[in-house]
Amino acid sequence: MKNVELSRIFNEMYYMLSTDEKARFEALAYQRAARSIESLQDDISEIYEKEGIKGLMGIPGIGKGLAEHIQEYLTTGKLNKYEELKKKFPIDFTEFSSMEGFGPKKAMILYEQLGITNIADLKKAAEEHKIRNIPGFGEKSEALILKNISMVAATGSRILLSTGLNEARNIVSYLLAQKVVSRCEIAGSTRRMRETVGDIDILVISDQPGKVMDLFTGYKGVKSTVVKGESKTTVLLDIGTTCDLRVIKPESFGSAMQYFTGSKDHNIKVRKIAIDHNYKLNEYGLYSGNENIMEGKGEDAIYRELGMDYIPPEMREDRGEIEMALSHKIPELLELSDIKGDLHLHTKESDGMNTTEEMITAGMKKHYDYIAITNHSKNLRIAHGMNDDQFMEYFKQIDSLSDKYHIKILKGAEVDILKDGSLDLDDNTLKSMDVVIASVHMDTNMNTDEMTDRVINAVKTNLVNILGHPTGRLINERQPFQLDLDEVAKYCKEYKTAMEINASPQRLDLNDENILKTSKHGVYYSINTDSHNIYGYDYMELGVGTARRGWLTKNNVINTMNLQDLIKFLKK
DNA sequence: GCCGTTTTCGGCCCGACTGTTTTCAGTCG
């Protein structure tokens, strides 16, 4: 996959071009292209092979010029313009970009004056006090450079949504408990339920901004303070991400929520629509001349005033939702409260931590109508997978528990899809179950054709109700399998196999992009937590958030059905 | 370099914070 390389190269070209004021818009074009390619799910070389230059130009932010650059890189392995720029600026901009407060202009000045090309050089020069004498720099910026270099080590990559969401909620509770804020809300990518969080955004209303900021920087999870002002303060948290707190005036709260929820691309487009309506939209309000016509109103009023449907935060990524809102076609998205059961759970019998009864009791606390116990099959020895006899024996135990609890317990398995696409248990065993999840766990290094055939063969057994974590990816840890999801989705639709939206924090698989892609085929989904203990049930909200990012309504999701309809669906 | 219901040129979001300045440039989101 050349996507990562290309987005890194374009990003570096953005920095190099940014050093020249005349080229700043060209630079921005490279940055947009880098972001676009980074978020692209499909392999860019495949797009080029299938559709050529035209296909590349279909990617947002890629025009003729950049498409030709991509073509050059894909066919020759090099990009001339990049090599030329690199000769002129032998600076490691990619490394510098991980450093706060140090952009292309400063990097350029220090390269010209001191020959600094990377963070190690920069650290040495700062320690030797060579930077304070450069015009435009001083003692403070020298100290800040050293501080920010030490923070590069402390700040990891983007953290998982579950981590960010928990910490954001902790901070909100902490601030509300201090009685100096009258309102406190999470914004940013956490509110949009992005699978990873780069920084946490929190907005408050308070008439004592100074006090709020003092309390905030004193929060127990704060490692250090990055910037501190009356309206905005940024801290670095122990969990390895930064958190911005903004104090907002009550009359601007709605527009601030809209503004700071983002995404950036979504906001830029909404703001252009505001301009078309002769308004000016910013974080303080929607202005007609000098009058804020949104004063005191919620963010939904902004969308309505611009002739749009309200757009739920999870959809705000500029992936077509603005056009949908303008034509009043925003779907009624699935809600957490629509979920009537969890269909992927493990117990002590395979690799779970809790007993069957403990898992049942925990499921009842969620007020579910049904749950499915789905332990691993024998192929997965490391997870104590069970063989046919063990499953049949175990199901007797479940039957004996069924009368004791007022919740339907569905008997199932998470059966391995073996290398050739066959399933790891006898057909008769599988036929006796209420729910069969089939997943790939081993032999994952196959090419696209092999893996696609393997998964399709499993679906074609007509014994599979749910395709478990379809791409196998682990966020920040493991790449997805090479798999043609369009082909797989077609067969899932034909054989009434739901695709799983696995809600475990490090999986979220299918992800939003893949849901958008596969839902075109009219396929069903099942949102499951894959819980290995009683606490795992809480991850359902992450799965629902991901489904909402994929624009799903409750009609697409089988575990919103009542028990009767679900059983009918599972019988095919 | 991209883009288009202002469409092949002329725009490209805009305000807060910081440090080095004495009125502003750089960076960030």
Self-check item: Contact list for residues 24-36 of chain A, test salt bridge (Lys or Arg N to Asp or Glu O under 4.0 Å), sequence neighbours left out
Solution: A:E21-A:R24, A:E26-A:K81, A:R35-A:D265

Quiz item: Between B:dC2 atom C1' and A:K269 atom NZ, what is the distance in whole Å?
Solution: 13 Å

Practice problem: Taking the side chain as every heavy atom from C-beta outward, state whether A:V212 and A:I205 have any atom pair closer than 4.5 Å. | Solution: no

Quiz item: Any Lys/Arg nitrogen of A:R132 or A:E142 sitting under 4.0 Å from an Asp/Glu carboxylate oxygen of the other?
Solution: yes

Quiz item: Between B:dT20 and A:S141, is there an OP1 or OP2 to side-chain N/O distance shorter than 4.0 Å?
Solution: yes

Practice problem: May I have the distance from A:K22 (atom NZ) to B:dG1 (atom C1'), rounded to whole angstrom? | Solution: 16 Å

Quiz item: Distance check: side-chain N/O of A:Y30 vs OP1/OP2 of B:dC12, anything under 4.0 Å?
Solution: no

Quiz item: Would you say a side-chain N or O of A:K81 is under 4.0 Å from OP1 or OP2 of B:dG1?
Solution: yes

Quiz item: Relative to each other, are the rings of A:F10 and A:Y30 parallel, tilted or perpendicular (30° and 60° limits)?
Solution: perpendicular

Self-check item: Within-4.5 Å side-chain heavy-atom neighbours: A:L485 and A:K517
Solution: yes

Practice problem: Check every strand shown and say whether A:N267 touches a base, only sugar-phosphate, or nothing at a heavy-atom separation below 4.0 Å. | Solution: nothing

Quiz item: Mapping A:P60 and A:I275 to their closest nucleotides on DNA chain B, which lands nearer the 5' end?
Solution: A:P60

Quiz item: Considering only heavy atoms from C-beta outward, does the side chain of A:S45 approach that of A:K2 to under 4.5 Å?
Solution: yes

Extract from the structure each pairing of a protein N or O with an N or O of nucleotides 25-29 of chain B at less than 3.5 Å, listing the distance.
unit_1: B:dT27; atom_1: OP1; unit_2: A:G103; atom_2: N; d: 2.9
unit_1: B:dT27; atom_1: OP1; unit_2: A:G103; atom_2: O; d: 3.0
unit_1: B:dT27; atom_1: OP1; unit_2: A:K105; atom_2: N; d: 3.4
unit_1: B:dT27; atom_1: OP1; unit_2: A:K106; atom_2: N; d: 2.9
unit_1: B:dT27; atom_1: OP2; unit_2: A:K105; atom_2: N; d: 3.2
unit_1: B:dC28; atom_1: OP1; unit_2: A:G101; atom_2: N; d: 3.1
unit_1: B:dG29; atom_1: N2; unit_2: A:Y259; atom_2: OH; d: 3.3

Exercise. For B:dG11 versus B:dT6, give the span between their P atoms, rounded off to a whole number of Å.
Key: 16 Å

Self-check item: From B:dG15, B:dG19, B:dG1, nucleotide with atom closest to A:K280 side chain
Solution: B:dG15

Quiz item: Separation of A:N148 atom CG from B:dT18 atom P, in whole Å?
Solution: 12 Å

Quiz item: To the nearest angstrom, how far is A:R271 atom CZ from B:dC14 atom P?
Solution: 7 Å

Self-check item: Nearest-angstrom distance, C1' atom, B:dG1 to B:dT8
Solution: 14 Å

Quiz item: C1' atom, B:dC3 versus B:dC13: distance in rounded Å?
Solution: 16 Å

Quiz item: Between A:Y284 and A:E251, do the side chains contain an N or O donor and an N or O acceptor separated by less than 3.5 Å?
Solution: no

Quiz item: Can A:D318 and A:K269 be counted as an ion pair, charged N to O under 4.0 angstrom?
Solution: yes

Quiz item: Taking atom P in both B:dT20 and B:dC14, what distance in whole Å separates the two?
Solution: 29 Å

Practice problem: Tell which nucleotide pairs with B:dC12, taking only Watson-Crick or G-U wobble pairs whose two distances are both under 3.5 angstrom. | Solution: B:dG1

Quiz item: Checking all strands, does A:E139 fall into the base, sugar-phosphate, or nothing category for heavy-atom contacts under 4.0 angstrom?
Solution: sugar-phosphate

Exercise. Would you mind telling me which of B:dA16, B:dC17, B:dG1 lies closest to the side-chain atoms of A:R32?
Key: B:dG1

Quiz prompt | Flag, side chain of A:D20 to backbone of A:L17, donor-acceptor distance under 3.5 Å | solution = no

Quiz item: A:Q31 near the nucleic acid: base, sugar-phosphate alone, or nothing, with a heavy-atom cut-off under 4.0 Å?
Solution: nothing

Exercise. Can you tell me the distance, in whole Å, between the CG atom of A:L28 and the C1' atom of B:dC2?
Key: 11 Å

Exercise. Rounded to the nearest angstrom, tell me the gap between atom CZ in A:R24 and atom P in B:dC2.
Key: 18 Å

Practice problem: With P as the reference atom in both, quote the distance from B:dG26 to B:dT21 in angstrom, rounded to an integer. | Solution: 13 Å

Quiz prompt | Nearest-Å distance for atom pair CD1/P, residues A:I59 and B:dC2 | solution = 12 Å

Quiz item: How far, in whole Å, is B:dT18 from B:dT23 if one measures between their C1' atoms?
Solution: 15 Å

Practice problem: Could you tell me whether A:L144 contacts a base, only the sugar-phosphate backbone, or nothing, with contacts defined as non-hydrogen atoms closer than 4.0 Å? | Solution: nothing

Self-check item: Value in whole Å for how far the P atom of B:dG19 lies from CG of A:L146
Solution: 14 Å

Quiz prompt | Which residue lies more 5' along DNA chain B, comparing A:E26 with A:E142 via nearest heavy atoms | solution = A:E26

